[in-house]
Amino acid sequence: MYPIDLPAWQRLQQDFEATRHLHMRDLFRQDPGRAERYWLEAGGIRLDYSKNRITDRVMNDLVALAEECRLPEKIAAMFAGEKINRSEHRAALHTALRNLSDAPVVVDGEDVMPKVRAVLSQMGDFARAVRSGQWLGYTRQMITDVVNIGIGGSDLGPLMMCSALAPYGSPRLNMHFVSTVDGAQLRDVLDKVRPETTLFVIASKTFTTQETITNARTARAWFLREAGEADIARHFVAVSTNRQAVAEFGIDPAHMFEFWDWVGGRYSLWSAIGLPIMLYLGEENFIDMLEGAHLMDRHFATAPLAQNMPVVLALLGIWYIDFYRSGSCVVAPYDYHLHLLPKFLRQLDMESNGKQVRLDGGRVRAGTGPVLWGESGINGQHAFFQMLHQGTQLVPVDLIASLEKRSNLPGHHEILLSNVFAQAEALMQGKTAAQVRAELQAQGQPENEIAELLPHKVFDGNRPSNIILTDRIDPRNMGSLIALYEHKVFVQGVVWGINSFDQWGVELGKQLAKTILGELTGAIEPAEHDSSTTRLIRLYRRTNCAEDGTCALFE
Ligand code: F6P
């Protein structure tokens with residue numbers, strides 16, 4: 001059944017027609033209980049969703065839509081380890097990685113919890129040894145630098161968490177993340193570190209990803225210029241599901257941290273992929289992060305849909321995407337250390353829900369995953385917020401901040417938070433022509449200038465935002481926050497009837513790049529391409545290949 005054919009969807013269409021002309025400032029004026037009613041708390045996170053273009057009827061119908069899509073059943077199926085990632089025949093069990101209860105989680109008849117706990121304890125032992133200096137490099141010096149080589153989910157989660165939680169990080173460890181294959185990033189990192197004191201974490205679920213394996217090979221060759229083959233064991237560890245490929249690469253599987261195919265790349269920071277997080281923050285903080293996520297999982301699994309934070313956040317997104325036809329949404333953290341959060345969430349959301357085919361193979365008949373973008377809110381205010389306030393598109397915004405001061409510099413946090421609250425208020429209230437006129441008259445502006453300026457200074461308002469507050473940015477609350485967004489994405493996928501856990505859309509480019517790589521290097525003759533691609537390949541060859549046609553692949 002397509003969601004648009006469900007009774008609740010039809011009612012929502014009517015709700016949209018009935019409410020789209022309402023202004024939120026009137027809704028606030030008429031309803032003193034609005035802020036209190038549209039407020040949720042779960043797992044260290046507070047959500048104020050009162051500044052959305054909703055009424056009780058809209059919310060009831062959105063929740064009814066979730067029920068008609070059998071969301072409770074689907075949530076239970078995910079937690080139970082059913083193979084909900086149907087196109088890859090896999091479960092999606094990131095929740096098992098942070099299952100800190102005694103409850104078993106069964107996949108294919110096997111309780112996966114013992115192996116989850118075993119890897120967690122292997123990670124703990126290793127992190128303790130590295131952090132304490134018990135684990136030494138080949139010249140008996142302590143490890144000072146950790147270089148994570150991975151891309152996508154094998155990069156963004158650890159990178160974002162290490163940055164978000166930097167105040168909890170070891171001052172003795174410098175963390176580096178290498179993801180791109182253009183060489184400049186790896187070269188920059190290798191220029192800064194020494195082989196004697198560097199630990200490389202090669203992170204790849206498949207261990208076949210071209211960018212990661214190329215970077216890992218180059219790092220290995222760099223290391224071997226100073227050290228011997230036998231020293232690799234003290235400086236290279238792998239995180240993967242592919243034991244054989246790890247061994248073939250030359251890393252002893254004894255130095256491999258395993259995870260499993262039921263952990264999706266963009267949902268993997270809770271698994272061994274989180275090793276850099278644990279190295280940097282320590283085992284206790286890593287467990288706290290898991291606990292925070294577990295709290296959100298419990299809330300998601302048990303709270304009634306209308307009071308369920310991920311569900312509410314997801315349904316609000318659907319309201320804007322499918323009824324207001326808004327194609328994008330912004331995440332604006334008001335916290336310097338969270339500046340990578342939008343980047344992380346972009347993969348989470350867009351790789352999960354950027355789909356047009358339903359689980360049953362049919363085409364969707366509704367809008368699906370939006371373009372998610374954003375950056376530090378305070379910087380955004382001086383860059384793109386203009387468009388959010390006065391542009392022609394409706395772009396819902398999540399404003400994220402911590403109540404606790406992030407530094408002891410006097411006055412800074414107050415200014416920061418005043419901007420969070422002011423932006424949400426401004427987006428919602430706007431400024432009427434009458435207000436602008438009164439302001440300009442009070443400034444003594446002549447009438448002809450007022451008439452000229454007035455239309456530019458009017459803000460329509462009625463622009464939606466959520467405020468997401470934590471008491472403080474700590475490992476536990478970060479765990480809750482990320483789990484909140486993971487579940488939000490899942491709920492939207494359920495309503496649209498798509499598989500949020502596969503990513504076939506990334507394959508075609510990879511496949512074509514393989515052929516083109518051969519053509520660029522002269523290994524194979526240019527095949528038949530469109531005239532644009534052929535022209536580009538020829539240009540590259542003219543620039544980089546010798547006259548006899550030979551092109552060096554590696555220096
Ligand atoms: O190309 C997309 C992707 O498969 C992501 O889903 C994944 O997070 C990333 O590549 C890295 O994959 P791997 O961990 O297997 O190297």
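Values in this document were obtained by computation on a predicted structure and should not be read as measured data. Just follow the structure's listing: the first ligand is 1, and inside any ligand the first atom is 1.
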Against heavy atoms of [X], which atoms of ligand 1 measure under 4.0 Å?
X	result
Gln347	5 (C), 8 (O)
Gly152	8 (O)
Ile151	9 (C), 11 (C)
Thr209	12 (O), 13 (P), 15 (O), 16 (O)
Ser154	13 (P), 14 (O)
Gly153	7 (C), 8 (O)
Val506	1 (O), 2 (C)

**Item:** Test: Asp108 and Lys83 ion pair at under 4.0 Å
**Value:**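 So Asp108 pairs with Lys83 through a salt bridge.
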**Item:** Heavy-atom nearest neighbour in the protein, as seen from atom 1 (O) of ligand 1, with distance rounded to 0.1 Å
**Value:**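 Going by distance alone, atom 1 (O) of ligand 1 is nearest to Lys510 NZ, 3.1 Å.
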**Message:** What protein heavy atom lies closest to atom 15 (O) of ligand 1? Include the residue and the distance to one decimal.
**Reply:**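 Answer for atom 15 (O) of ligand 1: Thr206 OG1, 2.6 Å.
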**Request:** Flag yes if more than 12 heavy atoms outside Arg172 fall under 6.0 Å of its CZ atom; otherwise flag no.
**Result:** yes
**Request:** Might you work through the ring-ring contact (aromatic ring centres under 6.0 Å, His included) test for Tyr485 and Phe344, ending with a clear yes or no?
**Result:** CA-CA 11 Å; Tyr485 276 99; Phe344 168 81; 9.1 Å; no
**Item:** Selection from Glu351, Lys205, Gln503, Gln210 by shortest heavy-atom distance to atom 2 (C) of ligand 1
**Value:**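 When every heavy atom of Glu351, Lys205, Gln503, Gln210 is considered, Glu351 comes closest to atom 2 (C) of ligand 1.
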Pair [X] + [Y]: ring centers closer than 6.0 Å:
X	Y	value
Phe257	Phe126	yes
His235	Tyr138	yes
Phe236	Phe249	no
Tyr280	Tyr168	no

**Message:** Would you say atom 10 (O) of ligand 1 makes contact with the protein, given that contact here means a non-hydrogen protein atom less than 4.0 Å away?
**Reply:** no
**Prompt:** Under a heavy-atom criterion of less than 4.0 Å, does Glu211 contact ligand 1?
**Reply:** no
**Fill in**
side chain to side chain contact (heavy atoms under 4.5 Å, CB included) filter on Arg243, not counting sequence neighbours, yields Pro253, Met256, Glu258
**Message:** Less than 4.5 Å apart, side chain to side chain, heavy atoms only: is that true for Met142 and Leu136?
**Reply:** yes
**Prompt:** Looking only at distance, does Thr212 have an N or O less than 3.5 Å from an N or O of ligand 1?
**Reply:** no
